[in-house]
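Worksheet for the structure shown next.
Just so you know, these numbers use all the heavy atoms, side chains as well, and skip hydrogens, waters and symmetry mates. In this text, all values refer to a predicted model and were calculated from it rather than measured experimentally. Every chain is numbered from 1 and lettered A, B, ... according to where its sequence line falls, protein lines coming before strand lines.
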2 protein chains.
Amino acid sequence: MATKINNNSRKHLANAIRALSMDAVDKANSGHPGMPLGMADIAEVLWNDYLKYNPNNPNWANRDRFVLSNGHGSMLLYSLLHLTGYDLSLDEIKNFRQLHSKTPGHPESHVTKGVETTTGPLGQGLSNGVGMAIAEKTLAAQFNKKDIEIINHHTYVFTGDGCLMEGISHEVCSLAGTLKLNKLIVFYDDNGISIDGKVDGWFTDDTAKRFESYNWNVINNVDGHSSEELIKSLEKALQSKNKPTLICCKTKIGFGSPNKEGKESSHGAPLGDKETKLTKKEIGWDYGSFEIPKDVYESWDKKEKGSNLEDEWNNNFKIYKERYPKDAYEFERRISSELKDNWILKSQEYIKACNEKKENIATRKASQNAIEAYAKILPEMIGGSADLAASNLTMWSGSKDIKEFFDGNYINYGVREFGMSAIMNGISSYKGFIPYGGTFLTFSDYAKNAIRMSAIMSLKNIFVFTHDSIGLGEDGPTHQAIEHINSLRDIPNTTVIRPCDTIEAAIAWKYAIENNYGPTCLILSRQNCEFQERTNEQIALSNKGAYVLKDAKNLDVILIATGSEVGITMNAAKELEREGINTRVVSMLSTEIFEKQNDDYKEEVLPAKIKNRISIEAGSTSFWYKYVGLNGDTIGIDSFGESAPGGELLKYFGFTQKNIIDRVKLMLKK
Amino acid sequence: MATKINNNSRKHLANAIRALSMDAVDKANSGHPGMPLGMADIAEVLWNDYLKYNPNNPNWANRDRFVLSNGHGSMLLYSLLHLTGYDLSLDEIKNFRQLHSKTPGHPESHVTKGVETTTGPLGQGLSNGVGMAIAEKTLAAQFNKKDIEIINHHTYVFTGDGCLMEGISHEVCSLAGTLKLNKLIVFYDDNGISIDGKVDGWFTDDTAKRFESYNWNVINNVDGHSSEELIKSLEKALQSKNKPTLICCKTKIGFGSPNKEGKESSHGAPLGDKETKLTKKEIGWDYGSFEIPKDVYESWDKKEKGSNLEDEWNNNFKIYKERYPKDAYEFERRISSELKDNWILKSQEYIKACNEKKENIATRKASQNAIEAYAKILPEMIGGSADLAASNLTMWSGSKDIKEFFDGNYINYGVREFGMSAIMNGISSYKGFIPYGGTFLTFSDYAKNAIRMSAIMSLKNIFVFTHDSIGLGEDGPTHQAIEHINSLRDIPNTTVIRPCDTIEAAIAWKYAIENNYGPTCLILSRQNCEFQERTNEQIALSNKGAYVLKDAKNLDVILIATGSEVGITMNAAKELEREGINTRVVSMLSTEIFEKQNDDYKEEVLPAKIKNRISIEAGSTSFWYKYVGLNGDTIGIDSFGESAPGGELLKYFGFTQKNIIDRVKLMLKK
């Protein structure tokens, strides 16, 4: 497979990456040159000879995926994109790390074409890669036919010591081995250096052995600066039939720098003019700053090769389309992230059915019913749970484990909340799937930064967080979420929805599935929730994030409640009404969606002149002052929970009809 | 070492654990019987023959530490504490999982004597154990003498599949191997079952090999129901000279239950009356509910043995005290968590010196200076960073790496934020140390649940979070904290301090060191911050969490600022004053400390009648409505950041003198 580039010219091509990286970091006076200098030779072999991609179309469905998990080495990737012919100009390279350039400090998928996933927070790129490999395997199984294949490619990941020290690398690589993701090929940049210096002071793992223990195919002791050895390793990796491959490459960080090679000083700071010059001399790169000779550009250019590759695939797809028109149509729908034509109708019918059934069930159960209804319509839904399927209720009658059935739609993630979430980011980035995954709300903590990454990348991910408050009962404070709902609400570009019953749960799931601009977190109760009667207008308004569930004339007070607290709030309001206190109840299932409404609607729901407001939510209160103001009151919980039956706890912490009534009266007295 | 208990009587003693566990879970109608049934034989051998402890004094300094990392099996531990003679009555066992009992759903160290650390969130107990083993090794090296030892004991951990799937297990076990913690002995409950069923669907690691790759001493294929094999394994483990030990025990979850043994159905739900009776019959336990025969109690009782062990140690310590009176005094001070006598005076002197120096430096640098000043006084300070020492500035001139110097005071944690934080929890639980550890504020996400656990346990931990906003610049949105400060503020029992200059940084560190009631998070800038002039009274008031840094008569507006935004706010206020707008600036370094002040002081700082209020903090705004109300304004950032030089970004996002002035004028116009 390798083209005939001799080793010297290969070094020369790799040096183009090195030169661009040094120059860009120097010019920005900020950045990480060490890794691009160290991994340039690996990148050169991979991107010139093995990786299948088309610079003209970064979205070609059957391209190989490439992930730079050690994202601080972003200049390596930018150099590759620039040199091979992606839409990334030399001016952009010169603008490295400047405001609104296409070359931010760490690779960002929503900024730069050709960047598959946003990386930087260590370990997560590797996890995204596992997600992509899962997506590839599953999509292939769902669409390939005995006589013709449309999906068949590899996922390549660059990773460093940092990624491999992070716990998440354990979670996802263990799962990758279990799932036998043989088309995942990971290069380990084993340079012995991390930010604090030589890693043998804090990282002495036998990494090869570790990955063997995960059932990986390990190719050890590869000279990361020898193209021959790299080619040999890649050829071996491509033969792997049922194991992912780790290629452990011995490299020198800051390769070529006379004074910084092999040292942490090359990691995160510019080499500086002088050292850059010395390095260029050392590696035999005799050109000016940002200067790339024409023949080097020509050798790197992959526009034609890429177009040919894609053309070939397009021809193949044409045949597929002729033989399997329905599948081809469905494939195109899936990878372009369109919902089914009947989606709107069917989902509305489901909501109507919920309104007729009037079930008093836990919102986690209502969520499961919604999954059952929607996943039947949308085969792109790929579920899972971090070893809590029977508690999160993430399975439905059509769930098929992808380990047993390659064309399945359910992933047993194991006790790996962070790994699950970062894998979901990889699956979602891949396209063709809507991933959803569950754990207890408290353990959203474990996954926090992956949820954030999902939001940075505007990915369609659905996080199913059940057991959302002290209402879960006996498991006690370690399992009872307090600050978590607000903590998720505060992540930019993240939609948090806490439905109060079956109707709102159905609407929440519908919103999550239709939300193209970032992740949705569903916050669900363990305990049963009373069904709330609504008019059709109210059902429609619940799509606005907050709406008046119960109203009165000449308002004395507004009660703002969410989720499992809506039921008691409604009961309290009815009692208050009997006592002549005019009470409005606002069900605020999602503050983010509410904030997107126009000012008129917001004023309609929460009129500025009504200052008597109380929020009721079994979580921390700080967030609610935004809606109740300095004169308002909050019923919430700002301490840790306790271990006791859930009903008892809710009483103990004041989530009772009586307490709401007392607090209203106290407020009105003031 | 093993006493002469024959295997039959051993089984009988183990069955006492089983019986109590089944009865308690049945009575609570909630809980996890599977693990106690499965690990009872291991617990029996360990607690009867090997573990050194004194039920009369759970705080004896040289006791072995025992951690139940699979904390859902809490009834195992409660049974052991009850049977061996700790202050845990049968009534408490009967009250399992009830409000305010001493037997909550998961073990909680602040509730139950003899529980070393609060567990339940998987993987963290194991990490606490690594922390305890580090503490033991370091404390021993600091205090033991060639002729006499006062600290020399083991740390034992029970762990299950869940803990070993979690990423944090990788982080801490890798580090434990690197640090050669030979006195750490971990029992792996290899029962092949997790909540979702047989683990071979999602967890197929060769765990023995994995731990060998971490340089552990692995004892594999031990029958966890054979006392002989367990004894042999323990004898081997105790011989380990430079490696921690993992004993992989094949066990049956729900051991003895005719219908649930080996099945996930025994994991998290009561066996139920009928199955419990069948199980008791199967294991040959012919007693009533909660009935423990006298001879079984007698065999289990360790009060006398424990007292003897401690007496022996006390006698030894007496000799130590005679030979090394100063060290003995210091040892007693350390393990009783008393600060040094000269602490108050010296720390106040340091704050005075800061006030004279008037340095314009980054608060991360100011933090380093504070560490330098305080760590000289307090040798119990044990620092570290997750591979960002030179960025977090957590090292000082006296820092000594514990890997090189066993009596050191600095831990190179590697890129392991979660592991670091959970290890700190273990060190802090151990007593004798004040751990502090650093990472970037954004990556507090990775450690979130360990910070929470620190707060649940009220541990004295100091988290050093630097690079606290978009002000860090070029690394871009993945590295720029937005929601994190508020997210930490919302964790109950956690103190967050964001100092604005050298004085407030010195005060922040002083508070953190003196705070006996939970963790403190220090939020520190990468960029330089202007020194603020203060009167002595103002310096004193800054201990109250918020204070008036600049005042005016007939107030028009109050500006509330924190950290790096105090400087521009002060400049804006001065300009506003020149323009005739009477402006007060409140520096609110810690909202939690401010909330602890009396109402008079709060009213003094933020008079209710002044409704014109603007908060200025380079983070998410939702939290600030609590202080500015519905009529107030917030200057913050609710989107993700960008990659560009920090100064430019601060301007771009509106953190400028001009924007503050404009927003004040706009507010006053309304």
Task: Short side-chain donor-acceptor distance under 3.5 Å, B:Ser127 and B:Arg416 - done: no

Open item on the list: Could you tell me if A:Thr394 and A:Tyr410 have a donor-acceptor pair between their side chains, going purely by distance under 3.5 Å?
Closed with: yes

Where on [X] is there a heavy atom nearer than 4.5 Å to chain A: the side chain, the backbone, both, or neither?
| X | answer |
| --- | --- |
| B:Ala389 | both |
| B:Asp200 | backbone |
| B:Phe640 | both |
| B:Lys626 | both |
| B:Ala208 | neither |
| B:Leu164 | backbone |
| B:His72 | neither |

Heavy-atom distances under 4.5 Å only: say whether [X] touches chain B with side chain, backbone, both or neither.
| X | answer |
| --- | --- |
| A:Asn29 | neither |
| A:Ala455 | both |
| A:Val628 | backbone |
| A:Gln98 | both |
| A:Ser620 | side chain |

TODO: Heavy atoms only, distances under 4.5 angstrom: which of B:Gly123, B:Gly120, B:Ser639 has the most pairs with chain A? Name it, please.
DONE: B:Ser639

Task: Pairs of heavy atoms under 4.5 Å with chain A: top-ranked of B:Phe440, B:Phe203, B:Tyr446, B:Trp624 - done: B:Tyr446

- [ ] Tell me, out of A:Ser74, A:Gly476, A:Ser30, who's got the most heavy-atom pairs with chain B below 4.5 Å.
- [x] A:Ser30

Open item on the list: Assess the residue pair A:Gln480 and A:Ile637 against the criterion (side-chain contact (heavy atoms from CB on, under 4.5 Å)); give the C-alpha distance rounded to whole Å, side-chain angles, the decisive distance to 0.1 Å, and a yes or no.
Closed with: CA-CA 11 Å; A:Gln480 290 161 356; A:Ile637 171 168; over 6 Å; no

